[in-house]
2 protein chains.
Amino acid sequence: MHVYGMEAGTYCIAGRLRMLARLITGRYNEAFAAEGVTFAQAGLLMRIFAQPGIRQNVLARQLQIEKSAMSRDVQLLQKNGWLTDNRRKGLFLTEAGTILAKRCHKRWKVLNAQVHDELGAEVVDGLTLLSEKMIPIP
Amino acid sequence: MHVYGMEAGTYCIAGRLRMLARLITGRYNEAFAAEGVTFAQAGLLMRIFAQPGIRQNVLARQLQIEKSAMSRDVQLLQKNGWLTDNRRKGLFLTEAGTILAKRCHKRWKVLNAQVHDELGAEVVDGLTLLSEKMIPIP
DNA sequence: TACCAAAAGTTGTATATGCAACTTTATAGA
DNA sequence: TCTATAAAGTTGCATATACAACTTTTGGTA
């Protein structure tokens with residue numbers, strides 16, 4: 001077997017996904033940094049805005065993240081005064097949280113369009129379909 | 001504005017990518033666990049097999065991970081006796097490392113085909129093209 | 001109401017990763 | 001050869017995440 005026999009085959013799709021995820025996450029984080037939040041925080045704020053009263057476990061399922069990670073993220077939002085203090089009855093934004101969610105949404109729209117262009121509609125649509133297929137209850 | 005006005009728009013492509021990356025990474029890790037290595041370690045072993053003498057910084061660029069993360073991953077491989085001890089002259093596999101790389105490659109082939117089927121050729125090809133476009137020097 | 005089991009949420013621990021500062025190695029030019 | 005600079009590699013630190021154990025809440029039933 002010659003030296004390069006394995007080369008063409010050694011990529012892992014997982015690696016590709018992770019690499020792209022890192023790059024794109026960086027872009028989102030840069031954009032949301034202007035609002036003083038991370039990509040993850042902005043995403044949560046926007047989702048809670050859209051689905052007030054949503055439970056952590058539902059969000060965790062939608063976003064496919066650990067409930068423990070969700071718990072900590074939510075605690076952070078509350079510490080910043082963006083959530084009401086009745087967390088365990090469902091998640092609701094405060095005034096400040098609502099304002100911030102709207103500001104994030106504006107930035108999101110611009111950036112998402114950019115990224116959509118860069119990645120190409122096929123890939124994005126493919127990813128979207130996959131996500132929907134893989135999430136039990138969106 | 002009604003409550004669900006923002007809902008359709010709150011997903012972030014970054015989130016989709018990260019979610020899928022988590023899911024798929026889990027699959028690879030499960031498969032490689034039978035060889036006692038993680039997905040990341042297996043990937044490195046296979047790449048060093050294919051490109052003996054490669055430098056850490058080149059690998060880091062190819063995989064788009066931090067050079068610091070690469071340094072630590074490489075140290076781990078060496079601690080396990082899979083790399084020769086001339087790390088700074090380029091990376092070379094030991095006998096044990098070579099054997100393991102080949103075993104990993106067998107598993108990789110099976111799993112990659114499975115994942116390829118599940119995700120669909122369009123998405124995988126799309127991701128592959130993107131990766132190649134985004135990596136400065138493959 | 002009282003109790004039990006399941007679901008939801010929290011916390012501890014280990015590991016992974018990004019960023020920045022630092023050290024070591026390589027390279028070009030006097 | 002010697003030196004200055006850049007490149008490569010390492011380490012420290014902060015944060016993110018997975019997994020597991022634990023606590024709290026919920027919902028059904030006697």
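Naming convention: chains lettered A, B, ... in sequence-line order (proteins, then strands); numbering from 1 in each chain.
Residues B/Ser68 and A/Ser71 each lie close to DNA chain C; by heavy-atom proximity, the contact nearer the 5' end of the strand is made by A/Ser71.
Using five terminal pairs a side, the axes of the helix from C/dT1-D/dA30 to C/dA30-D/dT1 at its two ends make an angle of 10°, given in steps of 10 degrees.
Here the shortest heavy-atom pairing between B/Met19 and A/Leu63 reads CG-O, 3.8 Å. A pairwise comparison of heavy atoms in A/Cys104 and A/Ala42 identifies SG-CB, 3.9 Å as the closest pair. When all heavy atoms are compared, the tightest approach of B/Ala31 to B/Leu111 is CB-CD2, 3.6 Å.
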Between protein and nucleotides 14-17 of chain D, what N or O pairs are separated by less than 3.5 Å?
from, atom 1, to, atom 2, distance (Å)
D/dT17, OP1, B/Arg18, NH2, 2.4

Provide a list of protein-nucleic acid N or O atom pairs under 3.5 angstrom, restricted to nucleotides 24-28 of chain D.
from, atom 1, to, atom 2, distance (Å)
D/dT26, OP1, A/Lys89, NZ, 3.1

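One atom, CD of B/Gln75, and another, C1' of D/dT11, lie 9 Å apart when rounded to the nearest Å. Rounded to whole Å, the distance from CG on B/Leu91 to C1' on D/dT10 is 14 Å. Distance B/Asn86 CG to D/dA8 P: 18 Å, rounded to the nearest Å.
By the side-chain hydrogen bond (donor to acceptor under 3.5 Å, both in side chains) test, B/Asn86 is found to be paired with B/Thr84, residues two or more places apart in sequence or in another chain being considered. Scored by the side-chain hydrogen bond (donor to acceptor under 3.5 Å, both in side chains) test, B/Glu118 finds B/Arg27 as partners (sequence neighbours excluded).
Contact annotation: the side chain of B/Gln78 never approaches that of B/Val74 to less than 4.5 Å [non-hydrogen atoms, C-beta and beyond]. The shortest distance between side-chain heavy atoms of B/Asn57 and B/Met70 does not fall below 4.5 Å. With a 4.5 Å cut-off on side-chain heavy atoms, B/Trp82 and B/Gln41 count as touching. By the 4.5 Å heavy-atom criterion applied to side chains, A/Leu100 and A/Leu93 are not counted as neighbours.
Taking CD of A/Gln56 as the reference point, atom CD1 of A/Ile65 lies at 9.5 Å (rounded to 0.5 Å). Interatomic distance, OH of B/Tyr28 versus CG of B/Asn112, reported as 3.5 Å (0.5 Å rounding). Interatomic distance, CZ of B/Phe49 versus CE of B/Met46, reported as 11.0 Å (0.5 Å rounding).
Side chains of A/Gln64 and B/Arg22: a donor-acceptor N/O pair is absent below 3.5 angstrom, by distance only.
First and last contacting nucleotides of DNA chain C toward chain A (any atom under 4.0 angstrom from a heavy atom, 5' to 3' order): C/dA8 to C/dG18.
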